[in-house]
Amino acid sequence: MDCIDIKDLLFPFFEGNLEEEKKILVEKHLSECKRCSLEYELVVSIENTLKTAEKVEAPDYLKDRILSKIYPAFESKKEKLELGILSIAWAVVSMIIALIYIPYEKLGPMIIGLFSRFQNDIVNFEAKIKEAFTIISSADFSYMVGFVVLFMVLSIIIFSVEFIIYQRS
Amino acid sequence: MSEKLTESDFLKIYEKYKDRIYNQAYRILGNKEDAEEATQDIFLRIYKFYEGFRGEAKFSSWIYRISVNVCISRAMSKRKDIDYLEENEKIIHKNISEKTKNPEELFQSKEFRNKILNLISKLQPKYGSILTLYYFEEMSYREISGILKIPEGTIATHIFRAKTLLKDLFIKEINLLG
């Protein structure tokens, strides 16, 4: 058995798919021939490489690209989602700015004052209206600031809910 | 007759098969640009032909058949282009050439592994397809035979032929045996 005969038997030899007689001949040749022995090492390494090859993963952006080609609505939904994220960012930034400009010691009393004032006026609608005019005419904007803060908190809650809904859909 | 795929059902299929399909395309075609385009094409076909899937074959076999067909036809059309060596391929080639004096070290190296895996894309695409199904998807001859519609005996012959070609291509490119 010479080197040319051996070449085609190396993979079957590795897999154990040779008859006993041929197997002995290959073993004998490999122990005597350095060149074929090296080629057999290559066979073993190729088998190991194929069996343990790492999987290449699909890039994340491919999903959006494919989905937007199939479902045109997906694109608009994605835009809405992006809009939702921007809205949340806007609300958070606004709130931070508001908190910076409102003196810390006034913030608590402002919010409490806003609630207690309207709570006491539930019975008397007329008085409530008058008081509202008084607040506006006396330019006491501390209530307004409290209201703005409350509005922003609500905005964050609303946009967060919207964000969760879109993410789940 | 199946119904049209809803977005949520399509997403389930996408999440389950995206990496397997992409990996197969990448190995057969040899670069990420072609693999991305092929993956996109495969999923568009899955969506388009889903209504016609009658459940005679396993769903996964049906998907792999689409995948193999797309990859083979893309590879065949690409073969007409100039055969160029990519930049990383040149680096691999250089590093391997430096290590040929010590084959034991060479065969254990990352460059060797990358080179062998890159060489799959240089084979005929039918060989590349069979190798990916057998080694990377760990399918049996029978499963591959069901997907490619060729006899099991032919699959075994193709796998042997593909590996022998990989070995010979490597020896020739690296001039391993002098």
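Residue numbers begin at 1 in each chain, while the letters A, B, ... track the order of the sequences. This is a predicted model, so every value here is computed, not measured.
- Formation of a donor-acceptor pair under 3.5 Å by the Lys167(B) side chain with backbone atoms of Leu42(A) is not found in this model.
- Proximity to chain B (any heavy atom under 4.5 Å) is shown, for Glu54(A), by both the backbone and the side chain.
- Leu123(B) and Leu29(B) end up in different hydrophobic clusters when Ile, Leu, Val, Met, Phe, Trp and Tyr side chains are linked at under 4.5 Å.
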Tabulate below the donor-acceptor pairs under 3.5 Å that side-chain atoms of residues 68-75 of chain B make, not counting sequence neighbours, or state none.
{"unit_1": "Asn69(B)", "atom_1": "ND2", "unit_2": "Arg65(B)", "atom_2": "O", "d": "3.3"}
{"unit_1": "Ser73(B)", "atom_1": "OG", "unit_2": "Asn69(B)", "atom_2": "O", "d": "3.2"}
{"unit_1": "Ser73(B)", "atom_1": "OG", "unit_2": "Val70(B)", "atom_2": "O", "d": "3.2"}
{"unit_1": "Arg74(B)", "atom_1": "NH1", "unit_2": "Glu37(B)", "atom_2": "OE1", "d": "3.0"}

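- Within 6.0 Å of the CG atom in Asp2(A), the count of heavy atoms belonging to other residues, nucleotides or ligands exceeds 12.
- When hydrophobic clusters are built by joining Ile, Leu, Val, Met, Phe, Trp and Tyr residues whose side-chain heavy atoms come closer than 4.5 Å, directly or via intermediates, Ile24(A) is not grouped with Val26(A).
- The contact between Tyr47(B) and chain A is made entirely by side chain atoms (from C-beta outward), counting heavy-atom distances below 4.5 Å.
- Listed in order of number, the residues of residues 14-23 of chain B that approach chain A to under 4.5 Å between heavy atoms are Tyr14(B), Glu15(B), Lys18(B), Asp19(B), Tyr22(B), Asn23(B).
- By the rule that hydrophobic residues join a cluster once side-chain heavy atoms approach within less than 4.5 Å of another member, Ile28(B) and Ile42(B) end up as members of separate clusters.
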Carefully, step by step, assess Glu36(B) and Tyr61(A) under the rule side-chain contact (heavy atoms from CB on, under 4.5 Å). CA-CA 10 Å; Glu36(B) 283 175 15; Tyr61(A) 55 80; 2.4 Å; yes
Let me check something: any side-chain donor-acceptor pairs from residues 45-52 of chain A under 3.5 Å, sequence neighbours excluded? List them with distances.
{"unit_1": "Ser45(A)", "atom_1": "OG", "unit_2": "Glu41(A)", "atom_2": "O", "d": "2.9"}
{"unit_1": "Glu47(A)", "atom_1": "OE1", "unit_2": "Tyr135(B)", "atom_2": "OH", "d": "2.9"}
{"unit_1": "Glu47(A)", "atom_1": "OE2", "unit_2": "Lys163(B)", "atom_2": "NZ", "d": "2.6"}
{"unit_1": "Asn48(A)", "atom_1": "ND2", "unit_2": "Val44(A)", "atom_2": "O", "d": "3.4"}
{"unit_1": "Thr49(A)", "atom_1": "OG1", "unit_2": "Ser45(A)", "atom_2": "O", "d": "2.8"}
{"unit_1": "Thr52(A)", "atom_1": "OG1", "unit_2": "Asn48(A)", "atom_2": "O", "d": "2.6"}
{"unit_1": "Thr52(A)", "atom_1": "OG1", "unit_2": "Arg113(B)", "atom_2": "NH1", "d": "3.2"}
{"unit_1": "Thr52(A)", "atom_1": "OG1", "unit_2": "Arg113(B)", "atom_2": "NH2", "d": "3.2"}

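- Contact of the Leu67(A) side chain with the Leu11(B) side chain is registered, since non-hydrogen atoms from C-beta on lie closer than 4.5 Å.
- If you measure heavy-atom distances from Asp168(B) to chain A, the contacts under 4.5 Å come from the side chain alone.
- Within residues 138-158 of chain B, no residue has any heavy atom under 4.5 Å from a heavy atom of chain A.
- For Glu32(A), the CD atom sits in a packed shell: over 12 heavy atoms of surrounding residues, nucleotides or ligands are nearer than 6.0 Å.
- Annotation: side chain of Val56(A) is in contact with side chain of Arg27(B) (closest heavy-atom distance under 4.5 Å).
- Taking CZ of Phe10(B) as the start and CD1 of Ile66(A) as the end, the distance is 6.0 Å to the nearest 0.5 Å.
- For the residue pair Tyr71(A) and Leu5(B), the shortest heavy atom distance occurs at OH-O, 3.0 Å.
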